Chemist: 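To start, I am sharing the structure in question, which I have written as structure tokens.
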Amino acid sequence: MTISIPTTVIIMVLGLIGIGIYALLTTRHLIKVIVALQLLVKGAMLALVLAGRLTGQEELGQSLAITVIIADTIVAVIGMALAVQVRRVIGTLDLRSLTSLRR
Amino acid sequence: MFHVLIAAAALVCAIQAVRAARLLLSALWLAGASALVALEMYLLGAPEIAVIELSVGAGLVTVLFVFAINLTGEENLDARRTIPRPLSWVLLFGASALLLIFILPGINQSETGQVYATFREIFWEDRQLDTLLQILMILAGVLGVLGLLSDQKTDLSPTQKDRRA
Amino acid sequence: MAEQLILLTVGLPWLGALLCWAAGDRHPRLQHTLAVSFSVAAGIAALLLIPFGYERPLVTLPIGGAFGDFTFSPDGLGVFLAAVATVIGSLAVIFSVDYMRGEAQLGRYYAFVLFFIGAMVGLVLTTNLLLMFVFWEITALTSYALISFHNDDPKAVAGGIKALIITQFGGLGLLIGALVLFAHTGSYDILAVIANPGLLPSGALAWMAFGCLAAAAAKSAQFPFQTWLPDAMEAPTPISALIHAATMVNAGVYLLARFFPAFEGVPGWREAVMAVGMLSALLAAVMAIVATDLKRVLAYSTVSQLGYMVYAVGAGGVFAAQFHLLSHSVFKALLFLGAGAVIHSVGTRDMRQMGGLGKKMPFVRLVFVIGALALAGLPVLNGFWSKELILEVGLEHGNPLWMLIVMLVVSGLTAFYTFRMVWLVFYGQPRTELHAHDAGLAMKVALAPLALGTLSTWLLAGSFSRLLSESLPAHRIAAFPTGEILREVLTAPVTLIALLVIGLGLAAWWQRDRLTGLSQALASLGKAAANSFGFEAVNRAVVAVTQDSAEKLRSTQTGMLSWNVAYLVAALIVVLAILALGVGLP
Amino acid sequence: MNPNDAFILAVGLPVIASPVIYLIGRIATRKNPKVDLARWLALLTLLADGYFLFIAGMEFIQSRHELLIAIGAISLRLDGIALLLAAVVLALGTLVTLFSGPAVARDNGRETYFALLTAMIGTIIGLGAADDLFNLWVWFEAMALCSYVLVAFYRNEAAALEAGVKYLVQSALGTVLVLLAIGLVFANTGSLDLDEIRLAAQPSGLMLAAGALFIIGFGVKAALVPLHTWLPDAHSQAPSGISAMLSGVVIEAGLVAILRALGALHLVTVSWGALLLGFSAVNMLVGNLMALRQTQVKRLLAYSSLSHMGYILLGVGAGAVMGSEYSAAGGFFHILTHAMMKGLAFLAAGALLYSLHQAVGNHDPLVLDDLNGASRKYPLAAFAFSVAVLGLGGLPPLAGFMSKWQIFVGGFQTGNAWIMALVVFAALNSVLSLGYYAPLVNRLYRRQPAGIVEQGRPIPVLMSVPMVVLSLGVVVLGVWPSLADWLTGPAAQSLLMLFGG
């Protein structure tokens with residue numbers, strides 16, 4: 001039994017996104033949360049490249065992926081800056097301590 | 001088969017990145033996953049983006065992580081859960097299974113068409129609006145980091161002082 | 001000419017409201033003056049408008065689209081109620097000059113009173129159902145603001161919000177009515193549907209009819225929405241007189257009367273209206289018998305009297321209902337303002353602490369007794385004639401006899417609680433040391449015309465019936481000269497029976513000491529009445545359940561990022577599942 | 001001026017001006033810390049942008065032809081929805097810029113603030129006009145990036161940072177889901193152009209999944225319950241001007257993104273409208289119940305935004321499903337009036353927050369007790385706040401009544417029993433909402449002021465001007481609702497084109 005390339009890649013995409021979401025659901029460390037976001041983005045980016053490949057527009061797919069890389073690197077940067085500031089002001093990166101806003 | 005191996009390896013790296021106890025290791029596993037994703041992209045016929053992913057995703061972001069981890073320090077968090085573990089499994093598998101059922105039949109039916117433009121044309125001409133907007137995003141990022149992390153010589157609020165004290 | 005007058009009657013009070021607000025609370029004299037002059041001017045404009053009721057000119061402000069054109073057309077019903085609103089409104093404002101002297105935030109007080117007067121006029125003059133709903137809601141808003149005028153008093157705040165929520169809840173009926181009308185005819189024209197109810201399919205018409213009944217019941221504090229009115233008595237007394245006795249609460253009766261030709265053919269509607277009126281009249285009268293707070297007794301009696309009017313509309317007596325509305329507005333405003341003079345003077349509303357006040361306040365006693373006799377329905381005051389007309393209608397059109405008998409019993413109860421009230425306040429021995437003084441000049445200026453009106457408005461019966469008859473063709477109201485109406489009332493057998501029952505009620509009060517057995521038998525009824533027959537408990541339960549579920553729901557906002565993500569994934573699963581099932585709108 | 005050029009400028013000017021505002025503002029502040037050049041530059045930019053939008057918009061309104069401009073393979077389209085969103089964001093943005101001066105003057109990040117605010121306004125205009133699926137995401141992401149930092153603007157406050165973290169993570173997760181959906185649509189249709197997708201999209205599981213991902217991904221920003229959990233935190237912790245922008249236009253921009261994406265997939269299934277209406281019901285109920293027991297003013301207002309998103313969804317949902325033009329126009333009218341009313345509410349609350357807390361160096365939240373008797377000292381802010389919340393509660397003669405009315409009328413005109421039931425449910429919710437709006441007003445007019453009110457500082461004049469303008473607007477649109485028809489009518493037609501044309 002062989003698994004086709006698109007199937008493999010789409011499983012990889014969903015796998016990366018799934019693992020990222022699982023991390024968001026379970027982790028308590030803010031830096032880990034940002035790691036999880038990066039994993040999510042890798043998956044989505046791969047989906048765009050795959051889509052380009054499947055429709056014969058690899059170049060277009062790549063072009064989109066570059067924009068995604070830029071955007072999400074910036075998200076990561078802002079996230080890390082927030083994390084640094086959280087550490088400075090609150091003193092911990094534990095998400096359980098970031099629950100003062102509730103109800 | 002090669003694709004399956006890469007996929008499996010990437011997923012293992014991802015899992016390790018999530019599971020790793022130390023943040024530094026986590027960042028390194030992430031870099032590994034990133035490199036494998038870049039490889040897969042290369043195989044899918046996207047060499048340019050593979051290079052960029054390798055340098056930015058696996059390189060720059062990892063450096064940033066190391067930097068951030070240095071600034072914030074490692075922190076040992078006890079093992080208490082945030083939400084019940086079974087619930088997260090149910091949610092995860094529910095969503096993934098549904099998405100797979102929806103998507104898989106459609107994804108293999110797509111066909112390879114004709115390549116009609118070069119990467120350079122598409123990136124700099126067809127998609128120039130996206131490209132221009134990247135500059136705006138970078139600007140927002142720079143302003144964000146400056147805004148968040150610039151030196152705090154200004155007044156500390158009373159609550160802040162209490163917390164420090 | 002009519003256009004200008006309409007715009008003046010709506011616009012003058014609103015302009016006055018703005019000016020009173022803008023004048024600032026540092027200039028109370030200016031505020032008093034502005035309020036009095038603008039309300040009196042509006043009253044004059046409304047009186048001048050009455051002759052135009054025969055012509056029914058149409059004023060249109062083009063808005064279009066989903067809002068229809070804003071149209072006004074003064075007909076008999078409209079000009080009459082506009083006159084009631086502005087004239088009694090100006091008297092209440094004049095009364096307030098004394099009553100509210102020295103109070104803080106007069107600007108807010110007068111602005112809302114004037115805003116209310118303008119809205120009430122608009123409500124009765126417009127022929128666009130959307131616009132009617134707008135004015136309907138504005139009267140609710142102003143009523144709320146004025147009930148809660150003493151914001152620092154939690155009871156006043158609670159009473160205000162209760163009134164607002166309950167009337168708004170009932171107002172949904174009017175909303176549905178207006179939406180149904182527009183959905184089927186593409187306009188909000190009230191006159192069209194009254195002239196030709198066949199415009200709407202019968203099902204839609206039924207929705208509209210019962211929706212309007214719900215709205216009317218809520219606005220007029222009728223069964224099962226009656227609980228807000230007694231709590232609204234936290235308002236300053238001139239407000240109770242104006243809004244919660246003489247004008248706003250009449251809007252429900254007005255609505256039913258206005259749409260009567262369109263809805264009378266809806267199966268079960270007339271019976272439902274009569275039942276609502278009868279139950280309200282009965283329950284409120286029983287509650288008035290046991291109440292000890294002077295204003296609450298008046299509030300219950302208002303519910304009860306409005307019950308008479310609603311009953312009359314259901315019974316097919318639009319003219320009788322409107323005629324009683326006129327009488328009631330005058331004598332109830334008189335009673336409330338009289339009570340206001342008493343309360344202002346002695347500083348309490350508890351009748352158990354009063355007694356023997358008549359000697360210290362002869363003028364107030366005189367006018368109050370006139371109003372009370374009218375309320376009790378004794379000849380020859382205005383309440384007598386209009387109430388008898390209603391009872392007579394109860395015999396016509398094949399209306400059920402048992403309802404009429406209940407209404408007759410209620411008139412006996414009315415006489416009983418009225419005399420109890422007058423006795424407790426003005427006669428007997430003083431029960432506590434209260435320093436009382438007679439009414440001030442502005443109060444007298446407001447009370448005297450109302451007392452005169454109570455003695456004389458029944459003389460208008462003939463011309464009033466002609467006005468309604470000529471300007472409301474669809475209502476098929478017959479016009480009679482005053483003399484004929486009076487003779488008819490006097491010769492009707494029902495009148496005799498009613499007088500007998502009223503006499504019985506009076507006798508019961510005089511002989512109350514001998515009726516201990518009966519009163520003990522009624523003790524449990526009295527207890528139930530004091531608790532509003534369980535309606536208060538229902539209100540409280542609804543509020544408690546809402547608050548409780550709100551509080552429980554808040555725990556879903558955990559503040560924990562992981563839970564937030566979990567909700568997100570769960571939502572994705574649900575959306576995918578719905579898509580898998582292919583759910584669409586049938 | 002050529003309308004096409006004006007349109008390009010209207011989209012581009014704020015984006016290009018943003019770095020200039022930062023740099024010049026920074027230099028000016030370095031030289032003299034009291035000079036606040038950034039704010040005035042931002043204001044100038046937005047006014048000029050309003051002029052360009054006016055020229056382009058008038059052309060569209062008069063000729064009834066959408067302006068379509070191709071930049072490479074991507075085109076920008078000025079249709080009714082784009083015009084409405086642009087007009088709302090510019091109007092509110094200008095007032096917020098005017099308002100924000102004093103509130104951020106004490107912090108040393110004011111150039112950042114105004115530069116990012118201007119950029120965010122530009123990205124929302126672009127988002128409304130995007131005619132390419134991926135480009136839509138780029139504008140959306142840029143908007144999000146600008147707003148993250150604005151939410152966490154008080155960077156020394158634990159609560160603001162916490163709100164910023166939650167907002168960033170949930171938004172980022174949402175945008176990833178959107179990206180996945182774009183990948184799926186791209187793979188299936190081979191195109192990113194919305195019109196081409198509209199023609200090519202056929203019912204399939206893959207496209208259903210894409211639609212679901214669009215709804216959830218964009219829905220995070222649009223605050224669909226239960227994706228809303230970031231909103232009360234972010235809206236209550238952001239600077240008040242930003243709260244006004246977030247509630248007034250950013251969540252609506254999320255909705256516009258959903259509508260654009262689903263519009264392109266409208267042939268895929270009949271369920272889109274049902275889903276929108278389902279979210280509408282949940283949003284109204286949950287928003288109201290959550291607001292009912294709040295004690296913090298800005299948090300209460302944030303929850304009320306959820307319920308108002310519900311009304312908007314009812315309008316556009318009924319418009320999309322049944323092709324009811326009144327519904328759709330009502331939905332867009334409510335976007336406009338909600339922006340005015342909620343903007344006004346946040347600005348008035350912000351003015352009080354500033355005078356009572358921030359001006360004395362205190363970052364405590366504004367709680368209900370702080371409002372007691374505030375009308376004595378702050379008559380304008382108290383009046384403006386009352387107008388805003390009573391309008392939100394749907395009382396006439398204020399704008400909120402009329403926009404809700406239009407939604408309701410449209411719903412009944414469809415004749416669909418489910419939609420009519422939903423209208424009645426919405427009306428019931430409107431009554432319920434008075435249970436928390438009305439007591440707010442009561443507090444303001446108490447006679448005995450709270451201690452904190454007596455010690456409060458005066459409200460700066462520049463903060464008062466936007467409040468006066470918005471109050472007037474809320475009253476005028478309430479008395480004469482058809483004044484907005486020229487804006488809401490074309491938007492409704494554009495929506496019907498998206499979902500049926």
Side-chain angles (χ1 to χ4, degrees), chain A residues 3-12 14-16 18-19 21-23 25-29 31-32 35-36 38-39 42 45-46 49-50 52-63 65-67 69-71 73-74 76-78 80-85 87 89 92-96, chain B residues 3-4 7 10-11 14-15 17-18 23 26-27 30 33-34 37 40-41 44-46 48-49 52-53 56-57 60-61 64 68-69 71-72 75 77 81-83 88 91-92 96 99-100 103-104 107-108 110 112-115 117-119 122-123 127 130 134 137-138 140-141 144-145 148-149:
Chain A
I3 304 174
S4 71
I5 293 178
T7 306
T8 315
V9 177
I10 207 72
I11 289 175
M12 188 172 164
L14 289 179
L16 284 168
I19 293 167
I21 289 180
Y22 183 75
L25 286 172
T26 52
T27 190
R28 285 173 48 201
H29 200 293
I31 298 279
K32 277 266 185 81
V35 169
Q38 282 293 307
L39 286 174
K42 307 271 179 254
M45 207 162 47
L46 198 56
V49 172
L50 173 68
R53 155 91 175 193
L54 288 176
T55 57
Q57 304 179 51
E58 284 97 340
E59 313 301 333
L60 181 52
Q62 291 197 62
S63 174
I66 291 190
T67 312
I69 291 186
I70 302 286
T73 306
I74 294 165
V77 167
I78 295 181
M80 284 183 229
L82 267 176
V84 169
Q85 193 65 12
R87 171 78 189 175
V89 172
T92 174
L93 289 174
D94 187 353
L95 285 180
R96 292 184 79 104
Chain B
H3 288 281
V4 176
L11 294 185
I15 292 171
V18 173
L23 291 175
S26 182
L30 175 67
S34 180
V37 168
E40 179 65 36
M41 287 172 169
L44 285 173
E48 287 91 346
I49 188 72
I52 295 176
E53 170 62 21
V56 175
L60 177 64
V61 171
L64 286 172
I69 293 166
L71 274 178
T72 57
E75 200 174 343
L77 302 178
R81 305 263 186 268
T82 47
I83 64 173
S88 34
L91 288 173
L92 183 65
S96 315
L99 280 177
L100 264 183
I103 293 171
L104 266 188
I107 206 77
N108 286 315
S110 302
T112 307
Q114 290 288 310
V115 179
T118 67
F119 174 71
I122 290 183
F123 186 74
R127 310 295 305 181
D130 292 348
Q134 290 176 17
M137 294 189 188
I138 294 172
V145 174
L148 280 168
L149 298 181

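Here the structure is a predicted model, which means the values were calculated and not measured. Labels below follow one simple rule: chain letters A, B, ... track the order of the sequence lines, proteins then strands, and each chain is numbered from 1.
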Chemist: Can you name the nearest heavy-atom pair linking A:Met12 to B:Ala10, along with the distance?
Modeler: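 Minimum heavy-atom contact is CE-CB, 3.7 Å.
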Chemist: Using the rule given for side chain to side chain contact (heavy atoms under 4.5 Å, CB included), can you reason through A:Leu39 versus A:Tyr22, listing the C-alpha separation, both sets of side-chain angles and the distance that settles it, and then say yes or no?
Modeler: CA-CA 11 Å; A:Leu39 286 174; A:Tyr22 183 75; over 6 Å; no
Chemist: What part of A:Ile69 is in contact with chain B, defined as an atom under 4.5 angstrom from a non-hydrogen atom: side chain, backbone, both or neither?
Modeler: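 For A:Ile69, the contact with chain B is made by the side chain alone.
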Chemist: Where on A:Ile5 is there a heavy atom nearer than 4.5 Å to chain B: the side chain, the backbone, both, or neither?
Modeler: side chain
Chemist: Picking from A:Val49, A:Ile19, A:Ile10, which has the most non-hydrogen pairs under 4.5 angstrom with chain B?
Modeler: A:Ile19
Chemist: Please identify, among B:Ile49, B:Ile15, B:Leu64, the residue contributing the most non-hydrogen atom pairs under 4.5 Å to chain A.
Modeler: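 Option with the top pair count is B:Ile49.
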Chemist: Examine whether an atom of B:Leu100 lies under 4.5 Å from a heavy atom of chain A, and if so say whether it belongs to the side chain, the backbone or both; otherwise answer neither.
Modeler: both
Chemist: Side chain, backbone, both or neither: which part of A:Leu25 has a non-hydrogen atom closer than 4.5 Å to chain B?
Modeler: both
Chemist: Give me the one residue out of A:Thr73, A:Val77, A:Ile70 that meets side-chain contact (heavy atoms from CB on, under 4.5 Å) with B:Ile138.
Modeler: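 It is A:Ile70, the one option of A:Thr73, A:Val77, A:Ile70 that forms the side-chain contact (heavy atoms from CB on, under 4.5 Å) with B:Ile138.
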Chemist: Could you go through the side chain to side chain contact (heavy atoms under 4.5 Å, CB included) check for A:Leu14 and B:Ser96 one step at a time?
Modeler: CA-CA 7 Å; A:Leu14 289 179; B:Ser96 315; 5.6 Å; no
Chemist: For A:Leu46, is it the side chain, the backbone, both, or neither that has a heavy atom closer than 4.5 Å to a heavy atom of chain B?
Modeler: both
Chemist: Does any heavy atom of chain A fall under 4.5 Å from the side chain of B:Ala33, the backbone, both, or neither of them?
Modeler: side chain
Chemist: Is B:Val37 in contact with chain A via its backbone, its side chain, both, or neither, using a 4.5 Å heavy-atom distance?
Modeler: both
Chemist: Given heavy-atom pairs under 4.5 angstrom as the criterion, report whether the side chain, backbone, both or neither of A:Ala71 touches chain B.
Modeler: both
Chemist: Kindly indicate whether the side chain of A:Ile78, heavy atoms from C-beta on, has any atom under 4.5 Å from the side chain of A:Ile74.
Modeler: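 Contact flag for A:Ile78/A:Ile74 side chains = yes.
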Chemist: Does either side chain, that of B:Glu53 or that of B:Ser34, offer a donor lying less than 3.5 Å from an acceptor on the other one?
Modeler: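 Yes, a side-chain donor-acceptor pair sits under 3.5 Å.
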Chemist: Flag the one option from B:Val56, B:Leu92, B:Leu44 with the top tally of heavy-atom pairs under 4.5 Å to chain A.
Modeler: B:Leu44
Chemist: Let me know if B:Leu23 has heavy atoms under 4.5 Å from chain A in its side chain, its backbone, both or neither.
Modeler: side chain
Chemist: Quick one: does A:Thr8's side chain get under 4.5 Å of B:Glu40's, heavy atoms only?
Modeler: no
Chemist: Compare all side-chain heavy atoms of A:Leu93 with those of A:Ile31 and state whether any distance is below 4.5 angstrom.
Modeler: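 When only atoms from C-beta onward are counted, A:Ile31 and A:Leu93 do touch, with a gap below 4.5 Å.
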Chemist: Against chain B, label A:Leu95 side chain, backbone, both or neither, depending on which of its atoms sit under 4.5 Å from a heavy atom there.
Modeler: neither
Chemist: Using non-hydrogen atoms and a 4.5 Å limit, figure out which bit of A:Thr7 sits close to chain B: side chain, backbone, both or neither.
Modeler: both
Chemist: Would you sort out whether A:Met45 and B:Met41 count as a side chain to side chain contact (heavy atoms under 4.5 Å, CB included), showing the intermediate values?
Modeler: CA-CA 9 Å; A:Met45 207 162 47; B:Met41 287 172 169; 3.8 Å; yes
